[in-house]
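This report concerns only the one structure given below.
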Amino acid sequence: MSHHQINTILRDMRVSLYSLFILLFFLGSYFIYLMVQSFHHLNDNAISSSRTVADSVFYNERESLGKVVYDYSFWNDAAEALAGVDETAYFEENFDNDYLFNTFNVNQVIIYERDSTLKESFVNGVSEEVSSPIYTASAFERIFERAIKTDYDSPEPVTSYISMSGQIHAIAASAIVADKQTDTLNKGQLYGVLMMTRQLDKPLLKKWERQFHLHDLTIQTTNALLKKSYIAEDITDIDGNVIARAIWKPHQPGKNYISEILPITGVIILCVVIILIVFSTFMNKYIRHTMSAARELENHRDELQQLAHYDSVTKLPNRLLGMDRLEQAILASSRYGSYTALLFIDIDGFKEVNDSLGHDVGDEVLYEIGLRLVSCVREGIDTVSRLGGDEFIVNLTQLQSQSDAISVAEDILMIIKKDIVINDKNIAISASIGVAISQGDDLDAKQMVKQADIAMYKAKLAGKNQFILADDEWFS
């Protein structure tokens, strides 16, 4: 072999080697580019999901406070207190103690008369002078005005956020109206407005941080500088004005992955064998991390779904989901010409259980009642849901006759009356049930709830531990 031929071979080998290096360089660079883009996309998805979680958390916080205000304002006792009937007992029993603070983290309770005059105010369960100027500020006036613009037969609470003495509070307000017509009260008449606030303090933010992975979650003023790698969410008042910002550090898995993979990629470019091994190892690791991140995001969505549609004590569907199921049942009845029944259930003697044995035992009793109610209905067809307090509703769909609903009501009365044993104590309770039945779409969901509620109230007045059909004089 001549010198020229050897030089040619060496030159060709050199060119081939250089070409291989260039090819590996471009392949490695393209590979790194794809990885970086993938990691950025993963980070963007993580940040977007974190924002969605934060939005839902702040929304659920004020809406949950709205449910508490609704329960205390859409109530004959509240209307009677502002109408001058035994107002001292109402305020002392419901607000002049630490129950609301310990159970629902309610910091302040403010009661206005219907002419917007400040009636009473309580801070952490302690009454304060009603002359406090903060409750006559324009922000409270606007919330008052929004709260009274509602249907007094079925009031809707107003929820928002408000700045009080430099602290951000969730606030909810609802018109104080009677839930039942009496000799002294007119249903559909405004008697006042009830407001409650819940401070977004450090313990609450820490709780959200642990539950929803909103790392280093804090509330800061609108003009404060945003830290690097942090994101912010505006907190607005009743008029949509930004009053503060929630800031936190979102989880960014892609940034961690980049620092791990870049050294390995350099080795990959130098050796084809190593690149295959490292590539396989990395892809397995990447898939595991991606699946872990996907499962984590799915868990967050499941938690938000649970918070939005299910009761935390009984694990049953809440008012929102129960009403939705009732509307679906009415549509099915309209399609097939069958009956839909609604059982409005109030537990007799539950307040005495709470007062004598404590709210922890009361929650256990409610949980057991939920299990008993579920055992009386058809799985996957009927729905048992908790409205709040000691009130439940049972949706019975696709019934062939009204007697089917009566049979279920009798079963519920019988099973609820059985003693509940908690901590070696026998707890005896009963139930008052109102039953509303509709064929097809004769009644909508709200009408059925209203009729069943009235029938339940009649059952209470008739001696409890029985059921009454709506618009029927027949007693069980």
Side-chain angles (χ1 to χ4, degrees), residues 50-51 53-66 68-69 95-96 98 100-112 116-147 157-174 193-212 214-228 230-250:
S50 185
R51 287 189 182 277
V53 169
D55 286 342
S56 299
V57 168
F58 279 89
Y59 173 81
N60 287 332
E61 181 67 13
R62 57 187 179 86
E63 289 303 305
S64 67
L65 185 60
V68 176
V69 169
F95 306 126
D96 199 5
D98 58 1
L100 281 174
F101 176 74
N102 291 335
T103 307
F104 302 106
N105 293 327
V106 173
N107 297 103
Q108 293 170 292
V109 177
I110 311 110
I111 302 101
Y112 294 88
S116 76
T117 302
L118 183 61
K119 176 70 174 178
E120 293 283 346
S121 63
F122 300 85
V123 177
N124 295 333
V126 178
S127 177
E128 67 171 3
E129 293 293 333
V130 296
S131 60
S132 177
I134 187 172
Y135 304 131
T136 59
S138 58
F140 285 91
E141 292 180 359
R142 292 193 296 275
I143 293 173
F144 179 92
E145 292 169 358
R146 295 278 183 92
V158 176
T159 63
S160 183
Y161 287 95
I162 192 171
S163 177
M164 299 174 58
S165 303
Q167 300 294 326
I168 302 301
H169 291 245
I171 186 167
S174 183
V193 171
L194 174 64
M195 294 186 190
M196 293 184 184
T197 73
R198 181 183 294 159
Q199 183 180 348
L200 303 187
D201 53 14
K202 289 184 178 180
L204 180 60
L205 297 180
K206 284 293 182 183
K207 176 183 176 183
W208 289 350
E209 181 178 339
R210 290 191 303 270
Q211 287 183 339
F212 305 105
L214 304 175
H215 304 295
D216 197 19
L217 176 63
T218 57
I219 304 296
Q220 67 176 23
T221 58
T222 55
N223 57 358
L225 295 177
L226 186 64
K227 299 179 183 177
K228 185 179 180 181
Y230 282 67
I231 59 176
E233 191 74 19
D234 290 339
I235 300 175
T236 58
D237 62 12
I238 192 71
D239 297 318
N241 301 316
V242 179
I243 57 176
R245 295 192 305 177
I247 65 167
W248 69 96
K249 189 174 183 179

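Keep in mind that what you see is a predicted model, and the values were worked out from it rather than measured.
Salt bridge annotation for R146-D239: present, with a cationic side-chain nitrogen under 4.0 angstrom from a carboxylate oxygen. K206 has a carboxylate O that lies under 4.0 Å from a charged side-chain N of E209, or vice versa, which qualifies the two as a salt bridge. E233 and R245 are not joined by a salt bridge, as no carboxylate oxygen comes within less than 4.0 angstrom of a charged side-chain nitrogen.
Using a 4.5 Å cut-off on side-chain heavy atoms (C-beta onward), F101 and N107 make contact. Counting heavy atoms from C-beta outward, P250 and H215 have side chains that stay 4.5 Å or more apart.
Between F212 and W248, the ring center distance fails the sub-6.0 Å criterion.
One N or O on the side chain of N102 and one on the backbone of D98 form a donor-acceptor pair closer than 3.5 Å. Listed for the S64 side chain is a donor-acceptor partner under 3.5 Å among the backbone atoms of E61.
Below 30°, between 30° and 60°, or above 60°: for F58 and W208 the angle between ring planes is above 60°, a perpendicular geometry. A tilted orientation is assigned to the rings of F122 and F95, their planes being inclined by 30° to 60°.
Atom-to-atom distance recorded for M196:CE and Q108:CD is 12.0 Å, nearest 0.5 angstrom.
Under 3.5 Å, the side chains of T236 and D234 contain no donor-acceptor pair of N or O atoms.
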